[in-house]
Each structure stands twice: as C-alpha cells, then as structure tokens.
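See below for the structure under consideration.
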Number of protein chains: 2
Amino acid sequence: MNRAAEYFTRFIKQKNLRMTKQREIVVRVFLGKEGHLGIDELYSLVKKKYPEIGYATVWRTLNLLKEAKIASEVSFTGKKRKYEHLFDHKHHDHLICLKCGRCIEIVNPKIEQLQEKLARQHGFKIRSHRLEIFGFCLRCSGDKNE
Amino acid sequence: MNRAAEYFTRFIKQKNLRMTKQREIVVRVFLGKEGHLGIDELYSLVKKKYPEIGYATVWRTLNLLKEAKIASEVSFTGKKRKYEHLFDHKHHDHLICLKCGRCIEIVNPKIEQLQEKLARQHGFKIRSHRLEIFGFCLRCSGDKNE
DNA sequence: ATTGTTATTGAAAATAGTTTTCAATAAGAA
DNA sequence: TTCTTATTGAAAACTATTTTCAATAACAAT
C-alpha cells in the first residue's frame, strides 16, 4: 500500500467512516492509473476486479478522493468530467491537442511566479490555478486537414 | 447595429441560413451584456423582449454565436456552462474568488509569451488557451471563515 | 404581391451525466 | 456475538443539454 492509499485510510478513519472492500479497490485502481480518468473508465476498470460493484459506489469514492485531495477534477471540454492524481504529484499545466486529443503535462515555474505577482496586484490570494493550452501537437500540425 | 452583429448576419448568410427576429434579439441581448452569461440567464433576458421565444432557440443561437467565434464557452465549475464575448475583445485570463464568486479579468503579455515558448519546445502550435486562477479576493481574504 | 422551397421555431421528448433514495448488507466497536 | 449505523447496489430523480417534429416564416424566384 502506497502513501496515498494510507493517507486515504487515515482520512476515512478521521471522518468516522468505514474502510470497505469496494473503497479499497476503487482507490487502488485509481492510484494505479496515471493520467486523466473519467468516471466511466474508472468504473469499468474496477468492475474487472469486482464485478458486483455499482456505479454509485465508484462515484461516491471518487468524491471522497476529491475531498481528501488525492484526486482533482479536470474538465477540458465542459462535458464529461475527468480526474487526475493530486497526492504526491507536482502541479502541472496541460497542452491539449485539438486533433488527436493528446495531452502533455508541462511545468513552468516562471509562469507560476508571474501569476503570483499578477494576483498580488489585484489583492488576490491564490489557492490554485488551471492553465490549459489548446493547439496542435507535432504529429498533428504536420497534417493538412486542420 | 454594431460590428459583431453585422458579422453575425454575414456569417448567417454565408451559411445559407436565415436571419430571424428571434436570432436578432438573442444576438442583441447577448452583445449588450458583458461578462459571463449562462444560457438560463440569457433566456430570461431575451424572454423580456420576446416572451414567445423558446429555450431551444436561445440555445441554438448561442451555438451559432459560438460557431461564428462571437461567443466562447467558459466553464469554471464544470456545472452550468457560461459564455462570454470573443468578438472585438482582447484575450484575457480569469481571477476567480472561491468565496464570493467574483471574477476579475486580467491580461498579461509576459505569461502569454512564456506559454508560446513552452509550447514551441514541445512542438505545439497554440490555437488558444485558458488560464483560471482560483483564490480569495481582497474583500474575502480579510474574513476569518475560509 | 404570390408562390414554393426549405430553414426555423417552440414545445415536448430524448439523452447524458450526475446525484439521491432506500431497503438490505456489512464494518467495526462493545 | 451483538448492536449500531455507515455503506452498498439498483433504480429513480435530477439537472443540463440536445434532438425531434409538425407548424410557421424567411426569402428567392416568379
């Protein structure tokens, strides 16, 4: 069991909730899968290991993970929500290809600094931010049909 | 009729669509209202001027505005979608207060330059981007109960 | 003006995604 | 083992978006 899973267990205890087989599996599967995961995708992955599990349970567990700050929501399109790891993961921004959907994670401290400065100028205290850059990746920008 | 409205009319003609009273009013109301507008809000504003109008028509017109690049979608929460002006409006980023929901529009060319550079390093061709900074505004960060 | 074609409309239904309800079950403390 | 109560899965409810369809209206051609 890794740190994030332990952390989740502690989080559950602290809230006087109970650790169940279902939660354990959902958490394990989620943590074992880097990148962006939709509820449906997570649900079907979990179902392979525990076919009796219900969609609602996966949904609820994902919410708990969010509450525990182990998962965070990312919504590129405004349609289906996706989730990514937050625990033990550095903050990063996203480069998203409009053609193939590929998503590259990027980090740039300078941009973060500028944001901090900009916010200060407006009397703002930053909690988090989200930067998504849309465009065409190397592979796709070579193509004609944009 | 302002430039954006003219542009929309041309866009409509070009696509062999028709200009209707309903579309005219939805466009006028949308353009007359700066900031972030949800479909529901737009619908009720429009209904004041044209009570017979249907939700679907407003929705469809908003889609056309999006297609014409006069409106663009912004989704802070992942819940209800909001729309803002794109035509004749400089690109800007958003500072969003987590407490009162206030949204300040900010512009910073340096951040944009850095993004451009960063994208280039990954062979990416930028089309657009979205930067949202979440935190507490001056008024709200003075309060105790965060 | 009139006509004909077909895009548009409003209301209602359908879809999609998320969230809640509820009776049965199971975790975990005593 | 017993008891309390959180949790579960299935289904229903909800919310927001999108489509369907018959009636209407835009507008090009006459």
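The sequence lines fix the lettering, A, B, ..., with proteins before strands; numbering per chain opens at 1.
Atoms OH (B:Tyr43) and P (D:dT17) sit 14 Å apart, rounded to a whole Å. Taking atom CD on B:Gln14 and atom P on D:dC27, their separation rounds to 15 Å, with Å as the unit. To the nearest angstrom, P of C:dG28 lies 11 Å from NZ of A:Lys21. Remark: P of C:dG17 and NZ of A:Lys82 are 11 Å apart, rounded to the nearest angstrom. Here the P atom of nucleotide C:dT8 and the CD1 atom of B:Ile53 are 14 Å apart, to the nearest Å. Look at CG on A:Asn16: it is 17 Å from P on D:dT4, rounded to the nearest Å. Put simply, CD on B:Glu52 is 19 Å from P on C:dT8, counting in whole angstrom units. Nucleotide D:dC14 holds its P atom 17 Å from the CG atom of B:Asp40, rounded to whole Å.
One finds a salt bridge joining A:Lys66 and A:Glu73 here, because a Lys/Arg side-chain nitrogen approaches an Asp/Glu carboxylate oxygen to under 4.0 Å. Salt bridge annotation for A:Glu112-A:Lys110: absent, with no cationic side-chain nitrogen under 4.0 angstrom from a carboxylate oxygen. A salt bridge does not link B:Glu67 to B:Lys69: none of the charged nitrogens lies less than 4.0 Å from a carboxylate oxygen.
Nearest nucleotide to the side chain of A:Lys13, out of D:dA16, D:dT17, C:dG28: C:dG28.
The phosphate of D:dT18 (OP1 or OP2) has a side-chain N or O of B:Arg81 nearer than 4.0 angstrom. Contact annotation: B:Tyr55 side-chain N/O to C:dT9 OP1/OP2 distance is not under 4.0 Å. Within the 4.0 Å cut-off from OP1 or OP2 of D:dA26, not a single side-chain nitrogen or oxygen of B:Arg23 is found. The shortest distance between the side-chain N/O atoms of B:Gln22 and the OP1/OP2 oxygens of C:dG10 is below 4.0 Å. Applying the 4.0 Å criterion to OP1 and OP2 of C:dT19, one finds that A:Trp59 has a side-chain N or O inside that range. Side-chain nitrogen and oxygen atoms of B:Thr57 include none within less than 4.0 Å of the OP1 or OP2 phosphate oxygen of C:dT8.
Residue-level contact check: B:Arg60 touches the bases, meaning some heavy atom is under 4.0 Å from a base atom.
The hydrophobic clustering, which links ILVMFWY residues whose side-chain heavy atoms are closer than 4.5 Å, places B:Leu65 and B:Tyr50 together.
Remark on DNA chain D: of its neighbouring residues A:Ala56 and B:Asn63, the 5'-side contact belongs to A:Ala56, judged by nearest-heavy-atom nucleotide. Toward the 5' end of DNA chain D, the nearer of the two residues B:Leu17 and A:Met19, judged by each one's closest nucleotide, is A:Met19. In terms of position along DNA chain C, the nucleotide closest to B:Ile12 lies nearer the 5' end than the nucleotide closest to the other residue of the pair B:Lys47 and B:Ile12.
Separation of the B:Phe87 and B:Tyr7 ring centroids falls under the 6.0 Å cut-off.
Residue A:Arg18 places no side-chain atom within donor-acceptor reach of the base of C:dT25, judged by atom type and a 3.5 Å distance cut-off alone.
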